[in-house]
2 protein chains.
Amino acid sequence: MVEAEIYRALGDPTRLTIVRRLAAGAPATIGELSKNLGISRQGARKQLQVLVSANVVHLVPKGRETQVVLDPATLQQAREFISGLEFQWDQRLEALKAFVEGDSEA
Amino acid sequence: MVEAEIYRALGDPTRLTIVRRLAAGAPATIGELSKNLGISRQGARKQLQVLVSANVVHLVPKGRETQVVLDPATLQQAREFISGLEFQWDQRLEALKAFVEGDSEA
DNA sequence: CAAACATGCAACCAAAAAGTTGCACGTTTA
DNA sequence: TAAACGTGCAACTTTTTGGTTGCATGTTTG
């Protein structure tokens with residue numbers, strides 16, 4: 001069961017920016033990621049925590065700084081769930097089309 | 001540019017339930033979709049509006065009732081954006097792996 | 001036409017979210 | 001070891017969100 005939590009985590013401009021930067025290979029310590037988001041470091045940290053709670057990201061403490069790492073499995077899960085919706089939907093359209101075109105053709 | 005709005009729309013249990021039902025081929029009038037969500041019809045309508053604003057769904061008025069239809073293009077966009085993130089991330093890991101294993105091998 | 005139906009809309013409320021400030025604390029490094 | 005650095009955490013404020021109730025309005029149908 002895919003949780004709405006995953007999408008909720010991605011559903012905020014600040015958090016999506018963070019995820020984009022991580023995927024693009026940006027620095028990756030909490031401090032670095034917190035820069036240029038237009039909010040305070042503590043504010044950014046709270047957003048980061050939302051991503052952590054949704055397992056979109058996880059934290060790896062190293063000495064005095066903490067590395068932020070993307071969790072590809074969660075992204076995959078989110079993507080596959082959407083694929084599933086699309087698949088079901090397509091099937092419905094196919095069925096409808098067949099019906100309209102004359103399912104019971106001579 | 002993919003908007004966080006799409007994910008925000010999916011990021012709520014009630015709204016995700018609505019989307020799931022639509023994809024699965026459930027009835028599809030506002031009234032039908034509003035049932036069994038554990039909230040009032042008006043409450044459900046507000047959630048539906050969020051999906052409409054994010055283009056996850058669109059409404060087709062027919063007489064006194066209104067049909068709710070999934071917008072597959074939006075789902076596709078959401079899925080492809082995630083694919084893009086995964087792709088970038090994979091590339092980074094590949095590059096890192098190559099480097100660690102000895103990029104400059106004799 | 002009147003009743004039943006499907007829906008829209010605004011006002012209001014409580015809870016959650018987004019962000020801030022202030023301060024504490026372990027880790028490097030000069 | 002003192003200062004600088006990277007972080008964590010709690011208290012607080014302001015918006016946003018999720019939900020409700022009440023009522024108005026167009027649409028079918030008996």
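Every chain is numbered from 1 and lettered A, B, ... according to where its sequence line falls, protein lines coming before strand lines.
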Phosphate-side-chain proximity, [X] and [N], N/O vs OP1/OP2 below 4.0 Å:
X: B:S40; N: D:dT20; result: yes
X: B:R15; N: D:dG18; result: yes
X: B:R8; N: D:dT17; result: yes

Under-3.5 Å donor-acceptor pair between B:Q42 side chain and D:dG18 base: no
Side-chain donor or acceptor of A:R41 under 3.5 Å from a matching atom on the base of C:dG19? no
Can you tell me how far apart CG (B:L33) and CG (B:L22) are? Round to the nearest 0.5 Å. 5.0 Å
Once rounded to the nearest 0.5 Å, what's the spacing between atom OG of A:S53 and atom NE2 of A:H58? 14.0 Å
NZ/NE/NH1/NH2 to OD/OE distance under 4.0 Å, A:K35 and A:E32: yes
Rounded to the nearest Å, what distance is computed from the [atom1] atom of residue [X] to the [atom2] atom of nucleotide [N]?
X: B:E65; N: D:dT27; atom1: CD; atom2: P; answer: 13 Å
X: B:D12; N: C:dA16; atom1: CG; atom2: C1'; answer: 12 Å
X: B:Q49; N: D:dG18; atom1: CD; atom2: P; answer: 13 Å
X: A:L48; N: D:dG6; atom1: CG; atom2: P; answer: 16 Å
X: A:Y7; N: C:dA17; atom1: OH; atom2: P; answer: 19 Å
X: B:R45; N: C:dC9; atom1: CZ; atom2: P; answer: 7 Å
X: A:R64; N: D:dC5; atom1: CZ; atom2: C1'; answer: 4 Å
X: A:K62; N: C:dT28; atom1: NZ; atom2: C1'; answer: 17 Å

On DNA chain C, does the nearest nucleotide to A:G43 precede the nearest nucleotide to B:E32 from the 5' side, or the other way round? Give the residue. B:E32
Of A:T14 and A:G63, the one whose closest DNA chain C nucleotide lies more 5': A:T14
Would you call the rings of A:Y7 and B:Y7 parallel, tilted or perpendicular, where under 30° means parallel and over 60° means perpendicular? parallel
For the residue pair B:R92 and B:Q88, confirm or rule out a side-chain donor-acceptor distance under 3.5 Å. no
Of the options C:dT7, D:dT7, C:dA18, whose atoms approach the side-chain atoms of A:I30 most closely? D:dT7
